[in-house]
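Data block below; observations after.
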Protein chains: 2
Amino acid sequence: MSAVKANTPFVRLFGRYLREQGLPVTHQREAVAEVVFTSPEHLSVDEIERRLRQGGERIGKATVYRTLDLLVRSRLVEEHDFGEGFKRYEHRLSRQPVHEHLICLECGKVIEFRSAEIQRVEARVRDEHGFLPARHRVEIYGICRECREAGATIPAGGLTCPIDTV
Amino acid sequence: MSAVKANTPFVRLFGRYLREQGLPVTHQREAVAEVVFTSPEHLSVDEIERRLRQGGERIGKATVYRTLDLLVRSRLVEEHDFGEGFKRYEHRLSRQPVHEHLICLECGKVIEFRSAEIQRVEARVRDEHGFLPARHRVEIYGICRECREAGATIPAGGLTCPIDTV
DNA sequence: GTCCATGCAAACCTTTTGCACTATA
DNA sequence: TATAGTGCAAAAGGTTTGCATGGAC
């Protein structure tokens, strides 16, 4: 109930997609969309479910998964896997359209950045490998500024005589 | 037994790592290392276990997982997640040291390529965001040359009036 | 002989599915 | 009213863990 504020423009866009597909626009679907569209973060399924329940919704985890599947299909939402053992979801509206992610190994923070270089890489693999790019995943893992200033360093490891790293 | 051919140089390197860590060099550990180091592919745990059993080894899945963990720690092996629901492992010896992956959405083939641009991206995020890169993941998903010539296309979807894609 | 690794099976965790019931259109 | 969605619980699938046994050093 309360989690669906009114029907924000983004939720309406999702409703339009559902109607185009001949699918019912249900209360739960709008509620999940509302949570995802009103959050600037990269949410996990658990976080989405928790916010819905805190907002007074009665919703099952299965419905959250099923609705996220629809949101990803509609291309309004992107699915990410930062290697945490579960997925995160991020909407694609009102933000830099194509962007990559910096993930801090210390605090887990996710920073978005744009890179024109990646488009050059895609053009190059098309020319050199005959490979037609559809989408890409570019993630850089490291230590963010704040954690560096707090003294964090990259965890070392491996053989004492490291193998080639270039 | 039979899977451990002799003790290839790469397996010996892993043995050296184990001794450095004060860990026993066991038959199973050498067998897993041998399979990974003698394969040019990106192997799944299932594939590794199957090859070991076909080679006459008596080994449990848990040991494969535990040994892969050690191999990744030693930095001799890299872990990948191409979004298939399980992980793949690739050794880092005798091949292009740092490389990225093209993954065909049609046939699942993985092509390796090098990119100098990525290093420029890492230098840029260090300068612009104060972010210290440790490692990265660059994967481009699309259609490989062979599948294109066989008529494969990128699966479409989403809203009929697509949102910004640049 | 002392540790640590191994194999097996059970546990774990995220995600998916089956089914009786409910809501959309 | 017909169709499809929902919640719940069970299942699935990859990965991890507990424990008694066996192997490395």
Side-chain angles (χ1 to χ4, degrees), chain A residues 1 3-4 7 11-12 14-35 42-50 52-53 55-74 77 79-89, chain B residues 1 3-4 7 11-12 14-33 35 42-50 52-53 56-74 77 79-89:
Chain A
M1 292 260 140
V4 181
N7 245 20
V11 175
R12 274 197 293 271
F14 181 46
R16 184 179 125 205
Y17 169 77
L18 291 172
R19 274 183 286 271
E20 277 176 5
Q21 304 292 314
L23 299 173
V25 179
T26 67
H27 177 73
Q28 287 92 334
R29 285 175 177 172
E30 290 185 319
V32 172
E34 182 69 29
V35 167
H42 302 70
L43 296 172
S44 67
V45 170
D46 259 356
E47 287 163 350
I48 293 168
E49 191 192 20
R50 195 174 323 123
L52 286 167
R53 289 195 198 268
E57 293 290 336
R58 180 177 170 278
I59 195 165
K61 196 162 286 197
T63 299
V64 177
Y65 276 105
R66 288 185 276 230
T67 304
L68 285 169
D69 185 53
L70 290 167
L71 283 163
V72 170
R73 263 186 236 256
S74 77
V77 166
E79 187 180 76
H80 293 294
D81 182 349
F82 295 142
E84 300 166 294
F86 53 85
K87 301 211 170 67
R88 292 187 175 275
Y89 297 85
Chain B
M1 286 265 141
V4 182
N7 244 20
V11 175
R12 273 197 293 271
F14 181 46
R16 184 179 125 204
Y17 169 78
L18 291 172
R19 274 183 284 271
E20 276 176 6
Q21 304 292 315
L23 299 172
V25 179
T26 66
H27 177 73
Q28 289 90 334
R29 285 175 177 172
E30 289 184 320
V32 171
V35 166
H42 301 71
L43 295 172
S44 67
V45 170
D46 260 356
E47 287 163 349
I48 293 168
E49 192 193 18
R50 193 172 326 122
L52 287 167
R53 289 196 198 267
E57 292 291 335
R58 180 176 170 279
I59 194 165
K61 196 161 285 197
T63 299
V64 177
Y65 276 105
R66 287 186 276 230
T67 303
L68 284 169
D69 185 54
L70 290 167
L71 283 163
V72 170
R73 262 186 237 257
S74 76
V77 166
E79 187 180 75
H80 294 294
D81 182 349
F82 295 140
E84 301 166 294
F86 53 85
K87 301 214 171 68
R88 291 188 175 275
Y89 298 85

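Remember, predicted model here, so these are calculated numbers, not experimental data. Below, each value reflects all heavy atoms present in this structure, side chains not excepted, and no hydrogens, waters or symmetry copies. So you know, we letter chains A, B, ... as the sequences are listed, proteins then strands, and number each from 1.
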Earlier contact from the 5' end, DNA chain D, for A62(A) and K87(B): A62(A)
Do [X] and [Y] touch side chain to side chain, with heavy atoms closer than 4.5 Å?
| X | Y | answer |
| --- | --- | --- |
| E30(B) | V25(B) | yes |
| T26(B) | T63(B) | no |
| L70(A) | R66(A) | no |
| Y89(B) | V45(B) | yes |
| P24(A) | R29(A) | yes |
| V32(B) | V35(B) | no |

Categorize F86(A) for me: base, sugar-phosphate, or nothing, with a 4.0 angstrom heavy-atom threshold over every strand shown. sugar-phosphate
Any base atoms under 4.0 Å from R66(B), or only sugar-phosphate, or nothing? Heavy atoms, all strands. base
Could you give the angle between the helix axes at the two ends of the helix from dG1(C)-dC25(D) to dA25(C)-dT1(D), with five pairs per end, rounded to 10 degrees? 30°
Distance-minimising heavy-atom pair for [X] and [Y]:
| X | Y | answer |
| --- | --- | --- |
| G60(A) | R53(A) | CA-NH2, 4.5 Å |
| D81(B) | G83(B) | OD1-N, 2.8 Å |
| H42(A) | E47(A) | O-OE1, 4.0 Å |

Can you work out whether I59(B) or G22(B) has the more 5'-proximal nearest nucleotide on DNA chain C? G22(B)
Taking atom [atom2] of [N] as reference, at what distance in whole Å does atom [atom1] of [X] sit?
| X | N | atom1 | atom2 | answer |
| --- | --- | --- | --- | --- |
| E84(A) | dT15(C) | CD | C1' | 16 Å |
| E79(A) | dT15(C) | CD | C1' | 11 Å |
| L70(A) | dA4(D) | CG | P | 14 Å |
| L18(A) | dA4(D) | CG | P | 14 Å |
| D81(B) | dC13(C) | CG | P | 19 Å |
| E47(A) | dT15(C) | CD | C1' | 17 Å |
| E57(B) | dC8(C) | CD | C1' | 17 Å |
| K61(B) | dC8(C) | NZ | P | 12 Å |

Any side-chain N or O of [X] less than 4.0 Å from the OP1 or OP2 oxygen of [N]?
| X | N | result |
| --- | --- | --- |
| Y65(B) | dT15(D) | yes |
| Q28(B) | dA24(D) | no |
| T63(B) | dA5(C) | no |

Measure the CG-CD distance between D69(B) and E79(B) for me, rounded to the nearest 0.5 Å. 8.0 Å
Protein and nucleotides 23-25 of chain C: nitrogen or oxygen contacts under 3.5 angstrom:
residue : atom : partner : partner atom : Å
dA25(C) : OP1  : V25(A)  : N            : 2.9

